[in-house]
Every structure is written in structure tokens, then in C-alpha cells.
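Written below as C-alpha cells is the structure these notes are about.
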Amino acid sequence: MLDIKVTKTTHPKEKPQDESKLGFGKQFSDHMFLMDYTAGEGWHDARIVPYGPWEMDPATTVFHYAQEIFEGMKAYRTADGKIQLFRPDCNANRFNDSADRLGMPPIPPEDFVQAVKALVDVDRDWVPHSDGASLYIRPFCIATDVGLGVHAAKHYRFAIICAPSGAYYAEGLDPVRIYVEDEYIRAAPGLTGFTKCGGNYAASIKAGELAEERGFSQVLWLDGVEKKYVEEVGSMNIMFKIDGEIYTAPCVGTVLPGVTRRSIIELLKDWGYKVHEERVAIADIMKAADEGKLEEVFGTGTAAVVSPVKELDWEGKVAHISGGHIGELTQKLYDTLTGIQWGKLPDTKGWIVPVE
Ligand SMILES: Cc1ncc(COP(=O)(O)O)c(C=O)c1O
């Protein structure tokens, strides 16, 4: 249990008036959580302080060798004004898996969740009120040693910031076009694909930009060895409904184990679907599309919850999906998960953690 010192701001910022213009990650709430680590001493000085910049030496190791990890989660406001989190323990555990791979110290999951809850509680007025809008929560950890030697740092800072963010879909679910990346790769066995480290995203930016220039919303990554099997999308896991059954890449080191992915698999199994967590070749997906068996494709992630895909482009071939419409199962998954998250449906799975 952390002993968190709270220093409230004396200059609260003006809260966004028009929640329809929030966008994503552009403005930040009044406070942030900070905690420091020193080798031999452990984590210390847990505190909530006014949000603001902090000074760092230019030789701080994170600037040079990217020892950095993060998480992404949300706080939701229910119709009766309660504030709640969705499976924060999953984020805490994934954070520690990332920390372990990057040679960084873990944070006890209960401390991680306590810190998130404490900050959201202090900034609870920043959780948006409008339908589909939420408070995006970004916990992260950086190496703060000063010096240019390449080794695990002895000092770290853990921080949490919050950004009120707008509804991902302002006008209903919007099917997207996805470019299947056949040149660049995101992950390979033994590397950091299963972690949420900044370096994974740095290495993916160029491919994402090139795809966007060509009118695609994201890239679909293939495995890094043979460029044959589908893995995940830029910031989402991806699922395929083929002939009534669901296929998604297994989380065996090269794919981020999404909290949304895991929740959706549980729902699908409850609903009687056969879910295959196994490698699927992109060629077989395109073939299924040709044969009219590729019924639905959707991405899954905290930001969009569920994102229907209407088109996959791979090596000049195009697969059109669900006639450009939202699949029935995609819509049902979206309605169910968002229903639980915003408290419109009962939480029969024990996924909701209230911020009291
Ligand atoms: C690369 C990548 N894959 C998958 C996901 C989906 O994970 P989650 O459902 O936990 O948000 C994300 C988003 O965090 C991501 O960045």
C-alpha cells in the first residue's frame, strides 16, 4: 500500500467546454502522479502534484537508449455519476511484463492500481460526461540515470497523466481500410513485441505514415520472420470471422496481449463461438475473402474498443469485407463492451473497479 502525498493545484485549469471537440490526448487534467525508484531503496516518494513539466539532464538515459514503457487505460463516467475503471489489474500485470523485458523494476500491481485510482479520484471532475467520451489514463516509466553507458539504470520515474478524450466514433462505428505491410516489420521472436515500450511505436511510425498517405487508417503487421502470418494492427489486435468461427493471432511474444482482445475472447466463448488463437496466413485470409467466407474483420483496443474493417490491401490484392458495413457480431461486441464500461449493462464478469 502506497503512502501517497497529495498537493493540489492552486490554479485549476479551465475544463473543456465542448466535449465534442476533445479529440485524443491533447489536453491534460490538473494533476499527475509521480513516484521515483532508486536501486537498493526501491520505489519512494509516491505523490500527486499539479500537472506540469519537469526538468531533466540531457544525458538522462531514456533520451538515448529508450528504456521506457507505458500503459493505456480509461476511466468512465456512468449515467448516475459514478467513475469506474475497466480491468486495471490487467494493465498493471502487462506493465510488469514490459518492465521485466526492458530490465526495469516492477511495481506491485496493487500499488499501480492504487495510484491510478488515487489520481482519477483527485481529477474526477475531468472525467467527461458525454456519451462515449472518457478520461484516458497514461501510466509510464522512464530510466532517469544520467550518463551514456548502456546498462540497466539504477534510477527510474513512474508517472501517470490523464487526458479527457472524446468519443472515438462521433457518428457511429466507422469501418476502416487497412494496409497489410509487406516491407517493414514490427516484431520478431525474442524482441519486444509483447511489451508496451516506446521503441515499438517509434519503429512503426514510418509505415503508419506511408499507409495514411495512401488513404489507409492503419497497417496490419505480418510476422517478422516469414512475413506470412497476420499479427496485429498499429494500436489494436485483430480478429477474423471466417465461416462462423473466430481467428486471431496467438500472444506468443510478438503480439501485444490486449486487454480488449482478452475480454472479447471471453465474451465470444460465453456466446458459444469457437475462437482459434493460432497463426493464420494472410494468403488464407485473402482466399477466404475470395470464397465469400470472410464474414467480419475487426480490430480490438482500448481507444476504439472495436473497429470494423471494410478493406484489406495486400500486395496489390484487395479484400472487401461485409460489403463495407458493420458486421452483426462486431456491433454486438461493441455494444456489450461499451455497455459494461459505461455502466449501462451489468458487470457480470467482475471487470469493473469503481473509483470511490
Ligand atoms: C500494438 C497494440 N496492439 C494492441 C493494442 C490493444 O491493447 P488493449 O486492448 O489493451 O488496449 C494496443 C493498444 O494498447 C497496441 O498499442
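Counting begins at 1 with the first residue of the sequence. Atoms within a ligand are numbered from 1 in the order they appear, just like the ligands themselves.
With side-chain heavy atoms closer than 4.5 Å counting as contact, directly or through intermediates, the hydrophobic cluster containing Tyr65 also holds Leu148, Val150.
Not less than 6.0 angstrom separates the ring centroid of Phe158 from the ring centroid of Tyr37.
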So what's ligand 1 close to, N/O to N/O, under 3.5 Å?
residue, atom, partner, partner atom, Å
ligand 1, 3 (N), Glu232, OE1, 2.5
ligand 1, 9 (O), Val259, N, 3.2
ligand 1, 9 (O), Thr260, N, 2.9
ligand 1, 9 (O), Thr260, OG1, 2.5
ligand 1, 10 (O), Arg94, NH1, 2.8
ligand 1, 10 (O), Arg94, NH2, 3.2
ligand 1, 10 (O), Val259, N, 2.8
ligand 1, 11 (O), Thr302, N, 2.8
ligand 1, 11 (O), Thr302, OG1, 2.6
ligand 1, 14 (O), Lys196, NZ, 2.6
ligand 1, 16 (O), Lys196, NZ, 3.3
ligand 1, 16 (O), Tyr201, OH, 2.6

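Judged purely by distance below 3.5 Å, without hydrogens or angles, the side chains of His155 and Asp145 pair a donor atom with an acceptor atom.
Ile48 is connected to Ile160 through a chain of hydrophobic side-chain contacts under 4.5 Å among Ile, Leu, Val, Met, Phe, Trp and Tyr, so both are in one cluster.
With salt bridges taken as basic N to acidic carboxylate O contacts below 4.0 Å, one links Glu266 and Arg87.
Between Gly244 and Glu295, the shortest heavy-atom distance links the atoms N-OE1, 2.9 Å.
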